[in-house]
2 protein chains.
Amino acid sequence: MKSLLIQKSHARECFRNFLRGKNLLLTTERSRLLDIIFSQRRHFCIYDLHQMCQVNQQKVSLATIYRTLPLMEKAGLIRAVNLKADNWLYENTYFKHHHDHMVCVACGKIIEFENVGIEKMQSKVCKKHDFIMTEHTLELRGYCSHCKKTRKISALLGSKTA
Amino acid sequence: MKSLLIQKSHARECFRNFLRGKNLLLTTERSRLLDIIFSQRRHFCIYDLHQMCQVNQQKVSLATIYRTLPLMEKAGLIRAVNLKADNWLYENTYFKHHHDHMVCVACGKIIEFENVGIEKMQSKVCKKHDFIMTEHTLELRGYCSHCKKTRKISALLGSKTA
DNA sequence: TATAAATTGAGAATAGTTCTCAATATTGTC
DNA sequence: GACAATATTGAGAACTATTCTCAATTTATA
């Protein structure tokens with residue numbers, strides 16, 4: 001995987017092109033947000049991002065954040081994922097293969113995984129229904145390896161598993 | 001698939017037992033909500049449900065609806081699905097096999113499908129990560145067969161497909 | 001019927017998100 | 001660099017979905 005620095009400059013170029021194509025500007029605020037987002041690899045929520053914007057004269061208002069993220073999403077730089085928690089998370093998708101998530105309902109840990117087999121079967125299902133898929137999300141919820149050990153999962157679960 | 005009437009009475013019994021186990025009551029309001037929900041098979045949102053409660057002296061307050069749905073969810077009668085629209089939808093899951101969704105982003109049509117192969121591969125992935133899955137959701141978004149014909153999808157899509 | 005516990009509805013409170021609009025920044029042109 | 005046209009920003013108001021509060025009501029049980 002490329003270094004964050006290189007990734008960041010490519011992402012900025014990509015965003016600039018996207019914006020240009022729509023007669024929009026790569027303003028200092030948009031550029032700062034991009035900087036922050038592409039300086040780390042973890043999932044982030046709007047609140048996190050806003051917090052990170054409050055330091056270093058890098059203040060960007062909530063309104064601007066709410067306006068900018070959908071642009072980055074359309075540009076293919078980030079993706080919103082709903083992990084059935086209380087709020088949406090975003091993740092950097094640029095330079096990353098498509099992947100899906102496992103979420104531990106006990107500790108909140110997010111595990112990313114790729115599975116070509118599943119993707120292929122999805123395509124088959126779509127063909128069968130004459131459906132053109134443009135996007136998909138798969139989320140598995142349950143207990144991670146660590147929580148499985150430390151908690152009495154069997155008691156929590158009863159006999160149900162999905 | 002069993003008739004709605006039979007299904008409804010079974011669901012009521014199931015809910016009653018669930019509530020009893022928690023020292024909760026099957027009140028008239030809860031019973032009315034169950035009636036409404038199990039009188040139709042489609043997905044519904046809270047707003048729909050509240051509207052349906054406004055007729056026939058069946059008024060149930062929003063507060064009660066918000067309190068009751070999580071109970072029914074825990075009882076295994078309904079399921080909340082987030083189809084990336086603006087709000088959550090609920091669906092009757094009692095007497096129904098687990099299924100996943102395709103959502104047409106053009107017309108909003110929801111297509112349900114079951115695929116054992118995908119489910120099996122999910123289990124494999126979980127085993128590999130030592131993850132105990134209790135729940136999962138798979139959503140495919142794109143264009144249904146009808147919208148594919150009537151709209152210039154290729155123009156909308158560019159070259160991207162997921 | 002009396003008592004204790006659970007439930008309800010109305011509206012207040014909260015939280016996340018979008019909207020409004022005056023002030024500011026940016027781009028392209030001369 | 002100055003100018004005009006356009007896009008953008010931030011502050012706070014507005015909006016919306018959801019949760020909370022609490023007095024009044026309902027229910028189960030003795």
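All values below were derived from every heavy atom in this structure, side-chain atoms included, with hydrogens, water molecules and symmetry-related copies excluded.
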Criterion salt bridge (charged side-chain N to carboxylate O under 4.0 Å, His left out) on A:Lys96 and A:Glu112, from CA distance to verdict: CA-CA 11 Å; A:Lys96 251 195 170 178; A:Glu112 301 182 346; 3.1 Å; yes
Starting at CD of B:Gln54 and ending at C1' of C:dG9, how long is that distance when rounded to a whole Å? 12 Å
A:Leu24 side chain, from C-beta outward: closest of D:dA7, C:dT26, D:dT9: D:dA7
Counting just side-chain N and O atoms, does A:Ser61 come under 4.0 Å of either OP1 or OP2 of D:dT9? no
Side chain to side chain contact (heavy atoms under 4.5 Å, CB included) assessment of B:His98 paired with B:Glu114: CA-CA 7 Å; B:His98 172 81; B:Glu114 290 177 44; over 6 Å; no
Between B:Ile46 and B:Leu25, which is nearer to the 5' end of DNA chain D once each is assigned its nearest nucleotide? B:Ile46
Value in whole Å for how far the P atom of D:dA7 lies from CZ of A:Arg20: 16 Å
OP1, OP2 of D:dT18 versus side-chain N and O of B:Tyr66: anything below 4.0 Å? yes
Nearest-nucleotide wise, let me know which of B:Ile65 and B:Lys22 is further upstream toward the 5' end of DNA chain C. B:Lys22
If you apply the rule side chain to side chain contact (heavy atoms under 4.5 Å, CB included), what do you find for A:Leu4 with A:Phe38, and how did you get there? CA-CA 7 Å; A:Leu4 285 176; A:Phe38 282 83; over 6 Å; no
Separation of atom CD in B:Glu29 from atom C1' in D:dT27, rounded to whole Å: 11 Å
Let me know the distance between CG of B:Leu62 and C1' of C:dA13, rounded to the nearest Å. 15 Å
Could you state the atom-to-atom distance from CG of B:Asn23 to P of D:dT29 in whole Å? 9 Å
Go through it in stages, so that I can follow the logic: the residues are B:His43 and B:His101, the test is ring-ring contact (aromatic ring centres under 6.0 Å, His included), and I'd like the CA-CA distance, side-chain angles, deciding distance and then a yes or no. CA-CA 11 Å; B:His43 297 80; B:His101 299 98; 5.2 Å; yes
Candidate nucleotides C:dA6, C:dG11, D:dG10, ranked by approach to the side chain of B:Ala63 - the nearest: C:dG11
Once you round it to whole Å, what is the distance between C1' of D:dA17 and CZ of B:Arg67? 16 Å
Rounded to whole angstrom units, what separation is found between the CZ atom of A:Arg16 and the P atom of C:dT27? 9 Å
In whole angstrom, what separates A:Phe44's CZ from C:dG16's P? 16 Å
Main chain of B:Cys45, side chain of B:Asp48: is a donor-acceptor contact present, judged purely on distance under 3.5 Å? yes
With sugar-phosphate meaning primed atoms plus P, OP1 and OP2, does A:Arg30 contact a base, only sugar-phosphate, or nothing at under 4.0 Å between heavy atoms? sugar-phosphate
For D:dT9, take OP1 and OP2 only and decide whether either is under 4.0 Å from a side-chain N or O of A:Thr27. yes
